[in-house]
Amino acid sequence: MGKNSVNRKVYGWLDERFKLDDLINFMKKKEVPLYRGTIWYYFGGITLLLFIIQVVTGMLLLLYYKGSSELAFESVRFISAKVKFGWLIRSIHSWSANLMVLSAFIHMFSVFFTKAYKKPRELTWYSGFLLLVLAMGFGFTGYLLPWNELSLFATKVGTDIPKTIPLVGGFIMNLLRGGEEVSGSTLSRFFGFHVALLPGIFTVILALHLVLIQRQGMAAPENWDELPESRKKKIPFFPNFLLRDLLIWLIIINVLSVLAVFFPWDLGTKADELAPAPAGIKPEWYFLFMFQTLKIIPAKLFVIDGEVFGVMLFSIAGLLWFLVPLMDRKTKSGEKSYWLIYSGIFVIIYIIVFTIVGFIAK
Amino acid sequence: MNEIPGYTEKSSRRDFLNYVLSIGFFGWIVAILYPLYSYLVPPKSPDVDVSNISIGKASEIENNSSKMFKMGNKPGILIKTKEGELRAFSATCTHLDCTVQFNKEENLIWCACHNGKYDLNGKNISGPPPSPLTPFNINVQKDEIYILK
């Protein structure tokens, strides 16, 4: 019996039970618009690939990692120094995490500027926003797990910020820290959040996000509404676009390997709860623009604390960004909404400038 | 209104049952949420209330230098000024909880996280810190330094 006939038999067995033909017909029907903005469609898939890599390498790290303040640093050092290719797995996990956040940001801004969030895709935008927040939560909790000096202070600052929320702030801080101070209890909690709580929630929302995209198909560019059918170039999602996706995945895996091998992730020095914050301390780059803003806001602004002002500013900005599909009334009624595009450009410039300033600042 | 005999009675009995069941359901929700909430709140750690500790000999600390110590769960900083005067503060920055350090060159207390600066009296003088560092009392007995809250 040839390989093909085995395949056909397996396919036939499955098709009889699950009607695979329907699914394949559905995928074939789905089309991806082909125009100069098509490149932006790949970033969702790239983010997905990097997430899958995170899950796989994360599971591998779990085989050796120990989540307690006495053993965490030593276990990560053991992974990097003693376990064969441990340094590579860890380095890939760290690099892939950073690239995933970057790719998610690009994906988000491309959706923003192509206005792909508008009706009927509002829920896709909301779920995507939640996924980005969760991804940053992954980054924040994962950063502490090696229990090094930098991560200890990043966590102190990060978990102190909710304290500015009136009434429930102290409670939230305690809940995150597992006590008044950042300590071994915080590490245990963050470990739990990082490997159980966040992945659970993330997977559910990701499934919703993907189902919505499959159900509704790709958003066409804005000016396509006026084009005649004959001028709209499209390719089938299956197999054409999927094959292109896979080719890009291959490139990303190569880029990731090169980065992980030639720029292995540093371990730093073990956290000492008594030591002062080291000079030049910085959070992960995707928190840098917020960090830098907090740095330049003076202690008092009119009557409120600068810190409270900064946190309020970013909370409101985040909420407005989340609600973009609701605010964009002009696009709904077919007009161009310039102020939204300008604010999007402002947000990008702000993030880039403050990230760079954060990098070069002493 | 009451064309059907017994209708009002029946419906009030149903209302009563619904009412009782709602209270029961609400109680059931509380019975689940309360233990969950209590479990999430960490128990208070026992060693928070330290008020008096010994941290070493005064003669062993050089002028214009500092020493970190632990006051309960929180870090503290002892500074010996150029003139040889001892001062102690909570080392927790009042901005966002980082740990401060003594900056010899600038002769001030500095927080590396957000560039907050305090003078040697613990007063916030520049950067984002909203309030001064909490000072501790110092008691030197036979060269041994005791820090008092």
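Letters go in sequence order (proteins before strands), and every chain restarts at 1.
Of the two parts of B/C113, the backbone and the side chain both hold a non-hydrogen atom closer than 4.5 Å to a non-hydrogen atom of chain A. When heavy atoms are compared at a cutoff of 4.5 Å, A/L274 approaches chain B by way of both its backbone and its side chain. At a 4.5 Å heavy-atom cutoff, the contact between B/P130 and chain A is made by backbone and side-chain atoms alike. With a 4.5 Å cut-off on non-hydrogen atoms, A/A275 touches chain B through its backbone but not through its side chain. Contacts of A/F171 with chain B are made by side-chain atoms alone, with heavy-atom separations under 4.5 Å and no backbone atom involved. B/F102 does not touch chain A: none of its heavy atoms, backbone or side chain, sits under 4.5 Å away. For A/I296, no part lies near chain B; criterion is any non-hydrogen pair under 4.5 Å.
Residue pairs satisfying the disulfide (SG to SG under 2.5 Å) criterion with at least one member in residues 266-299 of chain A, sequence neighbours excluded, are absent.
The minimum heavy-atom distance linking B/L96 with A/D160 is given by the pair CA-OD2, 3.4 Å. Minimum heavy-atom separation, B/H114 to A/L294: CD2-CB, 4.4 Å. The two residues B/A112 and A/P278 come nearest to each other via the heavy atoms CB-O, 3.2 Å. Here the shortest heavy-atom pairing between A/E307 and B/T94 reads OE1-O, 4.3 Å. When all heavy atoms are compared, the tightest approach of B/K74 to A/E181 is NZ-OE2, 2.7 Å. In plain terms, the two heavy atoms of A/A279 and B/Q101 that are nearest each other are N-NE2, 4.3 Å.
With values rounded to the nearest 0.5 angstrom, A/D272 atom CG is found 9.0 Å from B/T99 atom OG1. Taken from CD1 in A/I281 to CG in B/N115, the straight-line distance is 13.0 Å, to the nearest 0.5 Å.
Counting heavy-atom pairs under 4.5 Å between each of A/A154, A/G178, A/G306 and chain B puts A/G178 at the top. Put simply, of A/R177, A/Q292, A/E273, the one with the most heavy-atom pairs under 4.5 Å next to chain B is A/R177.
At most 12 non-hydrogen atoms from other residues, nucleotides or ligands lie less than 6.0 angstrom from OH of A/Y64. Annotation: A/F263, atom CZ; neighbour count of heavy atoms from other residues, nucleotides and ligands within 6.0 Å does not exceed 12.
Between B/P128 and A/I297 the shortest side-chain heavy-atom distance does not fall below 4.5 Å.
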